[in-house]
Amino acid sequence: MKLRRERLAPAKHIIIATGARPRVLPGIEPDKKLVWTYFEAMVPDRVPKSLLVIGSGAIGIEFASFFRTLGSDVTVVEVLPQILPVEDQEIQAFARKSFEKQGIKIHTNAKVTKLDRKGDGVTATIEEGGKSQTLTTERVISAVGVVGNIENLGLEKVGVKTDRGTVVVDKLNRTSVPGIYAIGDVAGPPMLAHKAEHEGVVCIEAIKGLNPHPMNKLMIPGCTYCSPQIASVGLTEQAAKEKKLEIRVGRFPFMGNGKAIALGEDQGLVKVIFDKKTGQLLGAHMVGAEVTELIQGYVVAMNLETTEEELMHTVFPHPTLSEMMKEAVLDAYGRVLNM
Ligand SMILES: Cc1cc2nc3c(=O)[nH]c(=O)nc-3n(C[C@H](O)[C@H](O)[C@H](O)COP(=O)(O)OP(=O)(O)OC[C@H]3O[C@@H](n4cnc5c(N)ncnc54)[C@H](O)[C@@H]3O)c2cc1C
């Protein structure tokens, strides 16, 4: 059938929402069969006996945890000093310990430089601590990040600014060219479905002249669906310190919570960070069962610019995991009840 090319009427407003794709690094190019990206990893031909995951961001760690749960012998290699690079250091360390306890082997400050494919397996060359070693696994997942789909759209022609693989937008998702907007992954991090959805709403409201509230990216929660789960919002302790903020930090472990014990999920941690001067909640970080459900409580609190006092006056239901969220706040002010 011959396709008919129709000339569309010029649009007054154009929204670019082309998403992102897996980043490809030289030497470790995916091939769909032995070296997967997330596309193949989501529909695997089988559960590999052994698996190397390159990269320990949310996607890499989710697949590492998933395939380990299914019985694969999993190794994770991360070039940075810790796994889950965007998370708070304490949460990173807690999660790492937990994954290692489950049998996942983790190499940080390490780099995969070469993949040799042979038969039904892959031999990876790993550089670590000035030494080179090899590891042979049935399958490899390359999870070294994503890049925005900015090519072949004619963006250069009309002058839409891009930066390191994504479209540059302002707080209302306007690009450098009037009438052209970008939302979602192609508009930059955090590359999350809920961020993409909300940007869509903000952008349309802006087009309609409804004067929307611009999105504050610091208040976008991040969730990693591994076991144990990880959830966070706002500043990490190290980011707050880098900003030279004076802070108070509170923590509460899952083993101090009745519901967590009853669920058989007593391993986890809730951590909160407050501005010492104003009492403003700056960030919350959690690892453990159901934390991806809990985080929204802190997100609402942060959006309402809640202080420690308001949180301490809030009554949390018993017995629930949510009680840990209040206990962590109390801990930041030396008033923890159940530890
Ligand atoms: C393995 C994995 C797990 C994830 N899990 C989570 C999660 O648990 N929670 C979460 O919040 N986020 C998650 N994400 C991220 C989430 O999927 C993205 O942030 C979200 O899909 C971004 O939405 P989008 O509309 O910007 O892009 P997409 O959902 O990628 O949609 C873009 C669409 O545009 C199409 N397209 C591209 N170029 C063109 C073109 N030139 N013309 C027409 N169409 C085009 C693409 O084919 C695609 O269908 C995950 C991502 C991955 C890879």
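Start at 1 with the first residue, then count along the sequence. In this text the structure is predicted, and so the values were computed from the model without any measurement. Ligands are counted one by one from 1 in listed order, and the atoms in each one are counted from 1 as well.
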(request) Considering only protein heavy atoms, determine whether one is less than 4.0 Å from atom 32 (C) of ligand 1. (result) yes
(request) Identify which of Gly148, Ala193, Ala196 has a heavy atom lying nearest to atom 12 (N) of ligand 1. (result) Ala193
(request) Indicate yes or no: at least one non-hydrogen side-chain atom of Pro81 is less than 4.5 angstrom from one of Asn109. (result) yes
(message) Ignoring hydrogens and geometry beyond distance, is a side-chain donor-acceptor pair present between Thr123 and Thr136 at under 3.5 Å?
(response) yes
(message) So for ligand 1, is Asn149 a polar contact partner (N or O within less than 3.5 Å, distance only)?
(response) no
(request) May I ask whether atom 27 (O) of ligand 1 is less than 4.0 Å from at least one protein heavy atom? (result) yes
(message) One residue to check: Ile59. Relative to ligand 1, which of side chain, backbone, both or neither has a non-hydrogen atom less than 4.0 Å away?
(response) side chain
(request) Please check if a non-hydrogen protein atom sits closer than 4.0 Å to atom 53 (C) of ligand 1. (result) yes
(request) Report the member of Pro221, Ala17, Ala182 with the shortest heavy-atom distance to atom 25 (O) of ligand 1. (result) Ala17
(request) Look at atom 4 (C) of ligand 1 and say whether a protein heavy atom is found at less than 4.0 angstrom from it. (result) no
(request) Taking only heavy atoms of His194 into account, list the atoms of ligand 1 that are under 4.0 Å away from them. (result) 11 (O)
(message) Can you check atom 23 (O) of ligand 1: any protein non-hydrogen atom closer than 4.0 Å?
(response) yes
(request) Please identify which atoms of ligand 1 are closer than 4.0 Å to at least one heavy atom of Gly19. (result) 26 (O), 27 (O), 30 (O), 32 (C)
(request) Look at the rings of Trp36 and Phe67 and say which category their plane angle falls in: under 30° parallel, 30 to 60° tilted, over 60° perpendicular. (result) tilted
(request) Ignoring hydrogens, just give me the one of Leu153, Thr18, Ile183 whose non-hydrogen atom is nearest atom 38 (N) of ligand 1. (result) Thr18
(message) With respect to Tyr38, determine whether any N or O atom, backbone or side chain, lies less than 3.5 Å from an N or O atom of ligand 1.
(response) no
